[in-house]
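Okay, so here's the structure we're looking at.
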Amino acid sequence: MAPSPQTVAVDFITPRHLAGGGDPAWITAPLHQACGWTYDDDPLMPRVVLTSPDKSAVLRLEPNTDGQWWVLHHHGGTGLPDWYASFGPRTPVELIAGFVDALTDPAPPAAASDPFEPLRRHSWESAQGTPGLASSDGTAFVQRLGDERSPGPWFITATLGYDRPVWQARFGENTPPHLVTAFTTALSDPQPVWRTNSPLGLPTLDPRVISRHTVTAPKALVPAALADRVTTLADRPHPPKVMPNPPEPPAPGASRRR
């Protein structure tokens with residue numbers, strides 16, 4: 001059934017890391033509307049800059065033919081180290097969303113987190129000759145440089161061959177592990193992601209590499225999905241604030257100092 005003026009063709013694509021970038025509003029709208037990040041408005045520049053309420057994090061979305069389009073810098077403060085994360089232009093927004101949703105989650109993170117664990121649960125295997133894990137089809141690879149004594153940055157790469165990289169995500173060595181785990185969890189999720197601009201945004205149409213299932217849906221469902229995402233994030237429960245204990249009253253009969 002061909003789309004009508006009231007409908008749109010929606011492609012459900014697997015593996016999700018080869019679905020193309022998607023709509024940047026999937027990231028920027030929730031950060032502003034649900035999480036209170038402020039934005040710099042400069043209509044003459046093709047970029048978006050969002051700053052967290054506590055000013056500790058700045059996310060820049062800026063077309064850059066030479067590198068990463070999404071770059072987040074986090075300032076540790078109070079003696080904590082600074083860190084960064086960046087994502088190439090074709091990094092699916094659903095994967096970036098896993099990262100930023102964990103970053104903005106008001107609930108405290110788990111005490112321990114292994115970014116490789118979600119990959120192992122979905123049968124990712126050691127890459128031959130290189131430390132790291134690769135997807136079963138060989139089109140995605142996760143590695144961390146350094147060693148246990150001196151861990152380095154993370155590199156996550158989607159590729160269609162040795163000389164055909166599709167996108168790369170990078171995390172500095174001080175990036176909190178639970179945030180990297182949130183990204184690898186979204187990366188290894190076997191559920192498809194949907195796109196409405198296919199096949200224009202896909203890195204390949206090779207049916208041996210990706211699977212596309214096309215349905216016709218009402219156009220209103222597309223903005224409704226984003227609105228639901230904003231509402232869900234805005235409604236996340238905040239942990240109760242811990243009030244400081246009041247000072248203890250002086251013991252009865254205690255003498256005053258003069």
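Checked by atom type and distance alone, the side chain of Arg229 pairs as donor or acceptor with a backbone atom of Trp26 at under 3.5 Å. Between the side chain of Ser135 and the main chain of Ala140, a donor-acceptor pair closer than 3.5 Å is present. Of the possible donor and acceptor atoms, none in the side chain of Arg195 sits under 3.5 Å from a partner among the backbone N and O of Ile13. Here the side chain of Ser150 pairs no donor or acceptor atom with the backbone of Asp147 at under 3.5 angstrom. Arg16 places a side-chain N or O within 3.5 Å of a backbone atom of Ala186 that can act as its donor or acceptor partner. Of the possible donor and acceptor atoms, none in the side chain of Gln68 sits under 3.5 Å from a partner among the backbone N and O of Ala85.
A distance of 11.5 Å separates CG of Asp137 from CD1 of Ile210, quoted to the nearest 0.5 Å. The OG1 atom of Thr38 sits 8.5 Å away from the NE2 atom of His32 when rounded to the nearest 0.5 Å. Ser86 OG to His73 NE2: the interatomic distance, rounded to the nearest 0.5 Å, is 8.0 Å. Going from atom OG1 of Thr185 over to atom CG of Leu95 covers 11.0 Å, rounded to the nearest 0.5 Å. To the nearest 0.5 angstrom, Leu133 atom CG is 11.0 Å from Ser123 atom OG. Atom CG in Asp82 sits 10.5 Å away from atom OG1 in Thr175 (nearest 0.5 Å).
Both Val166 and Leu205 are members of a single hydrophobic cluster when ILVMFWY side chains are connected at heavy-atom separations under 4.5 Å. The cluster map of Ile, Leu, Val, Met, Phe, Trp and Tyr, joined by side-chain heavy atoms under 4.5 Å apart, puts Leu50 and Ile96 in the same cluster. At a threshold of 4.5 Å between side-chain heavy atoms, the hydrophobic network of Ile, Leu, Val, Met, Phe, Trp and Tyr places Leu233 and Ile27 in two separate groups. Under the 4.5 Å side-chain contact rule for hydrophobic residues, Val48 and Leu226 share a cluster. Both Trp124 and Phe116 belong to a common hydrophobic cluster when Ile, Leu, Val, Met, Phe, Trp and Tyr are linked at side-chain heavy-atom distances under 4.5 angstrom.
The minimum heavy-atom distance linking Val8 with Pro218 is given by the pair CG1-O, 4.3 Å. Across every non-hydrogen atom of Val180 and Pro115, the tightest pair is CG1-CB, 3.7 Å. Across all non-hydrogen atoms, the minimal contact from Ala182 to Gly98 is CB-O, 3.2 Å. Closest approach of Pro118 to Thr184, counting heavy atoms only: CG-OG1, 3.7 Å. For Ala19 against Leu202, the heavy-atom pair with the smallest separation is O-CD2, 3.4 Å. For the pair Leu119 and Ser188, the tightest heavy-atom approach, listed with the atom from each and the gap, is CD2-CB, 3.7 Å.
Counting non-hydrogen atoms of neighbouring residues, nucleotides and ligands closer than 6.0 angstrom, the CZ atom of Arg208 reaches no more than 12 such neighbours. The number of heavy atoms from other shown groups lying within 6.0 Å of CD (Glu62) is above 12.
Using a 4.5 Å heavy-atom cutoff, the side chains of Cys35 and Arg236 are in contact. Side-chain contact check for Phe155 versus Leu145: some heavy-atom pair is nearer than 4.5 Å. The shortest distance between side-chain heavy atoms of Pro151 and Arg144 falls below 4.5 Å. You'll find the side chain of Trp167 stays beyond 4.5 Å of the side chain of Pro89, heavy atoms only. Val10 places none of its side-chain heavy atoms less than 4.5 Å from the side chain of Leu221. No side-chain heavy atom of Pro153 sits under 4.5 Å from any side-chain heavy atom of Arg170. In this structure, Val93 and Asp23 have side chains that are not in contact, with every pair of non-hydrogen atoms separated by 4.5 Å or more.
The side-chain hydrogen bond (donor to acceptor under 3.5 Å, both in side chains) test with His17 is passed by exactly one of Thr139, Thr157, Asp189: Thr139. Evaluated for a side-chain contact (heavy atoms from CB on, under 4.5 Å) with Trp37, the options Leu59, Thr51, Val100 yield exactly one hit, Leu59. Of the residues listed (Trp70, Phe183, Phe87), the one engaging Phe99 in a ring-ring contact (aromatic ring centres under 6.0 Å, His included) is Phe87, and it is the only one.
By the 30° and 60° cut-offs, the orientation of the rings of His213 relative to Phe12 is tilted.
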(message) I'd like to know whether Trp194 forms a side-chain contact (heavy atoms from CB on, under 4.5 Å) with Val222, so could you lay out the CA-CA distance, the side-chain angles of the two residues, the decisive distance to 0.1 Å, and finally the verdict.
(response) CA-CA 10 Å; Trp194 56 272; Val222 177; 4.0 Å; yes
(message) What verdict does the side-chain contact (heavy atoms from CB on, under 4.5 Å) test give for Tyr84 and Asn174, after you've listed the backbone C-alpha separation in whole Å, the side-chain angles of each residue and the deciding distance to 0.1 Å?
(response) CA-CA 8 Å; Tyr84 73 90; Asn174 295 317; over 6 Å; no
(request) Might you work through the side-chain contact (heavy atoms from CB on, under 4.5 Å) test for Phe171 and Ile156, ending with a clear yes or no? (result) CA-CA 9 Å; Phe171 303 102; Ile156 296 93; 3.4 Å; yes
